[in-house]
Amino acid sequence: MEQLRKAIEERGSVLSDCVIKVDEFLNHQIDTSLMVQIGREFIKRFQDAGITKVLTIETSGIAPSFMAAHELGVPLVFARKKKSLTMTDHLYTSQVYSYTKEETNQITVSKDFLNSDDRVLILDDILANGEAALGLLDVVEQSGASIVGIGFVIEKSFQSGRQKIEETGYQVESLARIQSLEGSSVTFLDETKEEV
């Protein structure tokens with residue numbers, strides 16, 4: 001997605017060789033026009049999958065997931081990182097470690113919103129080490145629903161997440177794959193030359 005790459009290059013901030021800050025357009029302030037395009041791109045990649053629900057994790061995955069669910073005309077379900085007073089039982093749960101926040105959260109989804117008849121598309125904002133996606137996969141598997149695929153807005157391909165997710169056997173799609181953040185510069189995966 002050319003417009004996503006342009007946003008990453010022009011509005012993203014490389015904080016280290018492992019961390020890029022994209023809060024100007026993706027996970028704090030939302031570029032709604034870009035989110036519409038992101039939602040449509042995810043639908044193109046999974047359009048024939050018979051999706052009945054889109055699942056993400058709060059908070060940063062909600063905007064792109066909402067747009068995809070809206071385009072599909074299906075509900076969006078998001079896993080909560082903290083239990084509320086109204087969510088005390090009848091839950092699917094999983095443990096998720098956050099690399100950027102350096103903390104483990106128990107994510108929860110009400111059993112009322114996922115069941116064995118569902119065909120679920122999992123979406124999230126960033127793929128780094130894959131922990132959030134693995135937690136969401138665990139929740140869907142507990143429900144007995146079918147997983148049609150997993151999508152990410154941005155993938156940090158130099159981290160282990162994609163390999164972990166691909167080992168599950170599900171279709172994985174990332175709209176922008178970053179090969180490197182070295183030297184405070186973003187290099188996209190398909191811009192690098194693979195050695196023969």
Side-chain angles (χ1 to χ4, degrees), residues 1-47 49 54-68 96-104 121-138 147-196:
M1 272 195 72
E2 196 55 43
Q3 289 168 314
L4 175 58
R5 286 181 176 211
K6 186 175 179 183
I8 293 167
E9 291 174 329
E10 295 178 358
R11 295 187 275 166
S13 300
V14 178
L15 302 182
S16 73
D17 289 352
C18 294
V19 179
I20 184 165
K21 185 176 180 182
V22 289
D23 63 351
E24 187 176 320
F25 62 91
L26 179 60
N27 56 21
H28 192 63
Q29 175 175 271
I30 307 298
D31 179 331
T32 55
S33 295
L34 181 58
M35 286 310 110
V36 169
Q37 294 167 15
I38 284 169
R40 288 177 179 157
E41 183 63 27
F42 277 129
I43 298 319
K44 282 183 199 173
R45 296 180 186 213
F46 295 100
Q47 64 186 350
V54 175
L55 176 66
T56 193
I57 191 166
E58 69 175 352
T59 305
S60 300
I62 293 176
S65 300
F66 173 86
M67 293 314 304
V96 172
Y97 178 75
S98 170
Y99 175 81
T100 53
K101 294 180 182 164
E102 298 181 331
E103 66 183 21
T104 298
L121 172 61
I122 295 172
L123 297 178
D124 204 2
D125 63 335
I126 295 177
L127 173 59
N129 292 314
E131 299 300 318
L134 291 172
L136 292 171
L137 282 167
D138 182 33
I147 298 164
V148 301
I150 307 155
F152 302 94
V153 178
I154 299 170
E155 174 187 322
K156 295 192 286 181
S157 298
F158 54 87
Q159 290 181 280
S160 62
R162 185 175 191 94
Q163 180 181 348
K164 290 179 190 174
I165 304 305
E166 284 182 336
E167 286 173 0
T168 66
Y170 298 112
Q171 178 183 350
V172 181
E173 296 284 341
S174 298
L175 305 187
R177 298 181 71 189
I178 297 173
Q179 175 65 37
S180 171
L181 296 172
E182 292 176 9
S184 297
S185 179
V186 177
T187 304
F188 292 100
L189 184 64
D190 61 358
E191 292 178 348
T192 61
K193 293 181 182 178
E194 296 182 21
E195 292 183 25
V196 179

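Both backbone and side-chain heavy atoms feed into the values below; hydrogens, waters and symmetry mates do not.
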Visitor: Could you go through the side chain to side chain contact (heavy atoms under 4.5 Å, CB included) check for I62 and T56 one step at a time?
Guide: CA-CA 6 Å; I62 293 176; T56 193; 4.1 Å; yes
Visitor: Run I126 and N27 through side chain to side chain contact (heavy atoms under 4.5 Å, CB included) and show every step you take.
Guide: CA-CA 10 Å; I126 295 177; N27 56 21; 4.2 Å; yes
Visitor: Under a 3.5 Å distance rule, please check whether K21 uses its side chain to pair with a backbone N or O of L15 as donor and acceptor.
Guide: no
Visitor: Hey, could you give me the CG/CD distance between L127 and E173, rounded to the nearest 0.5 Å?
Guide: 12.5 Å
Visitor: Between CZ of R5 and CD of E10, what distance do you get to the nearest 0.5 Å?
Guide: 13.5 Å
Visitor: Considering non-hydrogen atoms only, spot the tightest contact between E182 and S180 and give its length.
Guide: N-OG, 3.0 Å
Visitor: Counting only heavy atoms not in Q163 (residues, nucleotides, ligands), do more than 12 fall under 6.0 Å from its CD?
Guide: no
Visitor: Rounded to the nearest 0.5 Å, what's the gap from CD1 on I150 to CZ on F46? Could you check?
Guide: 8.0 Å
Visitor: To check you understand the geometry: which heavy-atom pair defines the closest contact between L181 and C18, and what is its length?
Guide: CD1-C, 3.8 Å
Visitor: Working to the nearest 0.5 Å, report the span between CD1 of I147 and CD1 of I122.
Guide: 4.5 Å
Visitor: Could you pull out the closest heavy-atom pair between S60 and D125, with the gap in Å?
Guide: CB-OD2, 2.9 Å
Visitor: Determine, for E41 against K44, whether the closest basic-nitrogen to carboxylate-oxygen distance falls under 4.0 angstrom.
Guide: yes
Visitor: Is there a side chain to side chain contact (heavy atoms under 4.5 Å, CB included) between M67 and I38? Walk through the geometry before answering.
Guide: CA-CA 8 Å; M67 293 314 304; I38 284 169; over 6 Å; no
Visitor: Main chain of Q179, side chain of T187: is a donor-acceptor contact present, judged purely on distance under 3.5 Å?
Guide: no
Visitor: Tell me the closest heavy-atom pair linking V19 and K156, and the distance in Å.
Guide: CA-NZ, 4.2 Å
Visitor: Before you tell me yes or no, could you show the steps for Y170 and I165 under side chain to side chain contact (heavy atoms under 4.5 Å, CB included), namely the whole-Å CA-CA distance, both residues' side-chain angles and the distance that decides it to 0.1 Å?
Guide: CA-CA 7 Å; Y170 298 112; I165 304 305; 5.7 Å; no
Visitor: For residues T104 and Y97, report the shortest heavy-atom separation together with the two atoms involved.
Guide: OG1-CD1, 3.4 Å
Visitor: Search all heavy atoms of E9 against all heavy atoms of F188 and return the closest pair with its distance.
Guide: OE2-CE1, 3.4 Å
Visitor: Once you round to the nearest 0.5 Å, how far does CG of L137 lie from NZ of K164?
Guide: 12.5 Å
Visitor: What distance do M1 atom CE and Q37 atom CD have between them, rounded to the nearest 0.5 Å?
Guide: 5.0 Å
Visitor: Any side-chain heavy atom of L134 sitting closer than 4.5 Å to one from T168?
Guide: yes
Visitor: So which of V36, D31, I30 actually passes side chain to side chain contact (heavy atoms under 4.5 Å, CB included) with S33?
Guide: D31
